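Please read the structure below before turning to the comments.
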Amino acid sequence: QGAPLEARLNRLHLYPMDTGKPSTPLSPLLLPGIRLEVDDFQHEKTHFTKLLLNTTPNRSGQTINLLKLDAEDFSIQASGSWLEEDQIQRTVLDTHFTTKNLGRSLVALDYGDNLVAGKGEAKGRLSWLGPAYNPDIAGLNGSFEFKYEDGMLRKVDPGLGRLLSLLSVHYLPRRLKLDFKDVADEGFRYDLFNGTATIENGRVDTPGVLIDGPSAALALSGKTGLVEQDYALHLELVPKYTYSVPLAAGVLAGPQAGLLVYLFNRVAEGAGFDINKTVALKYDITGTWEDPIITPLKKYAKDKSEKYWD
């Protein structure tokens with residue numbers, strides 16, 4: 001509780017160590033204030049170019065004034081508290097994640113390569129029972145919001161890629177007589193990817209996530225279990241025909257046809273009729289991360305529970 005512990009390190013790499021024995025949590029009540037700066041920091045597989053940590057002791061544990069982790073493509077900044085009462089520890093962190101390349105950032109954080117490019121941020125508050133250095137996924141609670149722009153959902157095989165792999169248009173049913181080759185061959189390009197989520201005891205509830213691309217929009221809602229590793233989601237895909245159809249009609253059938261389709265679209269819009277939503281495709285996503293099931297909510301296939309990527 002006296003002078004703070006101060007350290008300036010050129011290099012600090014931390015790796016898990018299995019001693020075969022349960023470890024005793026470090027108590028925040030016994031720690032002094034910490035002033036730590038590291039130039040080359042690595043935690044397991046993730047490398048950071050800078051670590052800054054500044055804490056102040058209080059009667060209940062530690063106030064985390066600043067935790068900052070910088071990497072080549074992203075930065076994580078947090079502040080909050082690490083407290084202990086009756087030998088029960090609790091951590092609360094207000095976090096802010098910014099990135100200039102979301103795809104590379106997720107690879108660096110060992111979350112797979114399901115996204116390409118994308119820039120933006122996520123921020124929110126997270127809490128769990130336990131020490132600050134060891135988040136408890138089963139007891140994780142909080143809420144956050146995010147917004148990313150100009151990226152792509154990569155065309156990848158579902159499985160350990162988890163939820164992001166499911167959102168590629170390539171894996172939605174292909175028997176709909178609709179042409180999505182322009183958005184599905186390499187992946188689904190988006191202009192905007194944003195939403196909000198809450199977490200309660202390791203279960204993520206997303207009331208509304210929008211992935212808006214040039215040719216289609218995806219709306220996602222529901223729950224995902226981080227511990228159970230399962231899905232209970234609803235997905236709606238809305239193709240954007242309003243401007244592409246008149247253009248195609250003009251090319252294929254002449255300018256008069258293109259003009260008629262364009263005028264029909266405008267009249268329909270003026271009457272409050274959304275042509276795009278009339279061809280919206282709706283699905284339920286259930287099952288586990290390793291064996292997800294996409295079920296169309298309209299009779300597009302004889303077997304509604306068919307896994308269309310098989």
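As the structure is a computational prediction, the values presented were derived from the model and not from experiment.
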Practice item. Heavy atoms only: give me the nearest Ala138-Val227 pair and the separation to one decimal. Key: CA-CG2, 3.4 Å
Exercise for review: Say whether Leu192 and Leu218 are linked into one hydrophobic cluster, either directly or through other cluster members, by side-chain heavy-atom distances under 4.5 angstrom.
Suggested key: no
Practice item. Verify, without hydrogens or angle tests, whether Ser81 (side chain) and Leu83 (backbone) share a donor-acceptor contact under 3.5 angstrom. Key: no
Point to revise | Rounded distance (nearest 0.5 Å) linking atom CZ of Arg104 with atom OG1 of Thr99 | key: 8.0 Å
Practice item. Compare all side-chain heavy atoms of Ile199 with those of Leu140 and state whether any distance is below 4.5 angstrom. Key: yes
Point to revise | Heavy-atom closest contact (Pro32 atom, Ala3 atom, distance) | key: CB-O, 3.8 Å
Check your understanding: If you look at every heavy atom in Pro207 and Ala197, which pair is closest and at what distance?
Key -> CD-CA, 4.3 Å
Check your understanding: Does a side-chain heavy-atom distance below 4.5 Å link Arg90 with Ser127?
Key -> yes
Check your understanding: If we only count heavy atoms from C-beta on, is the Ile211 to Leu220 side-chain gap below 4.5 Å?
Key -> no
Review point. Any donor-acceptor pair under 3.5 Å linking the side chain of His234 with the backbone of Tyr283?
Key: yes
Practice item. Using distance alone, with no hydrogens and no angle criterion, decide if Thr55 and Gln62 have a side-chain donor and acceptor under 3.5 Å apart. Key: yes
Check your understanding: Which atom names give the shortest non-hydrogen contact between Ile64 and Ala132, and what distance separates them?
Key -> CD1-CB, 4.3 Å
Practice item. Give the C-alpha distance, both sets of side-chain angles, the deciding distance and a yes or no for side chain to side chain contact (heavy atoms under 4.5 Å, CB included) between Asp40 and His47. Key: CA-CA 8 Å; Asp40 175 5; His47 178 259; 2.7 Å; yes
Exercise for review: Check the pair Asn58, Thr63 against side-chain hydrogen bond (donor to acceptor under 3.5 Å, both in side chains), reporting the backbone distance first and the verdict last.
Suggested key: CA-CA 7 Å; Asn58 58 52; Thr63 298; 2.8 Å; yes
**Study point:** Distance-only side-chain donor-acceptor flag, Thr56 / Asn65, under 3.5 Å
**Key:** yes
Practice item. Please lay out, stage by stage, how Asn194 and Val209 fare under the test side chain to side chain contact (heavy atoms under 4.5 Å, CB included). Key: CA-CA 6 Å; Asn194 73 337; Val209 173; over 6 Å; no
Check your understanding: What are the two closest non-hydrogen atoms of Thr91 and Pro131, and how far apart are they?
Key -> OG1-C, 3.4 Å
Check your understanding: Quick one: hydrophobic cluster around Leu129, which other residues, with the 4.5 Å side-chain cut-off, linked directly or via members?
Key -> Ile88
Check your understanding: Going by atom types alone, do Thr49 and Asp70 pair a side-chain donor with an acceptor below 3.5 Å?
Key -> no
Practice item. Check step by step if side chain to side chain contact (heavy atoms under 4.5 Å, CB included) holds for Leu67 and Leu52. Key: CA-CA 6 Å; Leu67 170 62; Leu52 296 175; over 6 Å; no
Point to revise | Separation between CG of Asp150 and CZ of Arg189, rounded to the nearest 0.5 Å | key: 10.5 Å
Revision key, fill the gap. So ring-ring contact (aromatic ring centres under 6.0 Å, His included) across residues 112-140, not counting sequence neighbours, yields Trp82-Tyr133
Review point. Short question: side chain of Asp73, backbone of Lys100 - any donor-acceptor pair under 3.5 Å?
Key: no
**Study point:** Distance (rounded to the nearest 0.5 Å) between Phe41 CZ and Arg11 CZ
**Key:** 12.0 Å
**Study point:** Residues which pass salt bridge (charged side-chain N to carboxylate O under 4.0 Å, His left out) with Asp230, listed by chain and number, not counting sequence neighbours
**Key:** Arg203
Revision key, fill the gap. Value for CG (Asp212) from CG (Asp191), rounded to nearest 0.5 Å, stands at 6.5 Å
Check your understanding: For Glu200, does the CD atom have more than 12 heavy-atom neighbours from other residues, nucleotides or ligands under 6.0 Å away?
Key -> no
Review point. Heavy-atom distance under 4.5 Å between the side chains of Arg8 and Asp39, does that happen here?
Key: yes
Exercise for review: Please round to the nearest 0.5 Å and tell me the distance separating atom CG of Asp205 and atom NZ of Lys223.
Suggested key: 3.5 Å
Check your understanding: CG of Leu235 to OG1 of Thr295: how many Å apart, nearest 0.5 Å?
Key -> 11.5 Å
Practice item. Show your reasoning for whether side chain to side chain contact (heavy atoms under 4.5 Å, CB included) applies to Thr286 and Tyr231. Key: CA-CA 5 Å; Thr286 56; Tyr231 300 115; 5.5 Å; no
Check your understanding: Between Asp284 and Ile293, is any pair of side-chain heavy atoms under 4.5 Å apart?
Key -> no
Check your understanding: For the hydrophobic clusters of this structure (ILVMFWY residues joined by side-chain heavy atoms under 4.5 Å, transitively), does one cluster hold both Tyr15 and Val38?
Key -> no
Review point. What about Leu93 and Phe144, same hydrophobic cluster or not, with Ile/Leu/Val/Met/Phe/Trp/Tyr joined at side-chain heavy-atom distances under 4.5 Å?
Key: yes
Point to revise | Hphob cluster co-occupancy, Leu153 + Val107, side-chain heavy atoms under 4.5 angstrom | key: no
Check your understanding: Which heavy atom of Thr196 sits nearest a heavy atom of Phe146, and at what distance?
Key -> N-CE2, 4.3 Å
Exercise for review: Answer yes or no: are there more than 12 heavy-atom neighbours, outside Glu44 itself, under 6.0 Å from its atom CD?
Suggested key: yes
**Study point:** Side-chain touch Val92/Arg125, heavy atoms, less than 4.5 angstrom
**Key:** yes
Review point. Between Glu149 and Lys119, is there a side-chain N and carboxylate O pair less than 4.0 Å apart?
Key: no
**Study point:** Geometric class of the Phe74/Phe97 ring pair [parallel <30°, tilted 30-60°, perpendicular >60°]
**Key:** tilted
Practice item. Report whether Leu66 and Leu12 are members of the same hydrophobic cluster (ILVMFWY, side-chain heavy atoms less than 4.5 Å apart, transitive linking). Key: no
**Study point:** Whether Thr46 side chain and Ala108 backbone form a donor-acceptor pair below 3.5 Å
**Key:** yes
Practice item. State whether the side chain of Glu37 and the backbone N or O of Lys50 hold a donor-acceptor pair below 3.5 Å, judged by distance alone. Key: no
Check your understanding: Judged by modelled atom types alone, do Glu84 and Ser27 share a side-chain donor-acceptor pair under 3.5 Å?
Key -> yes
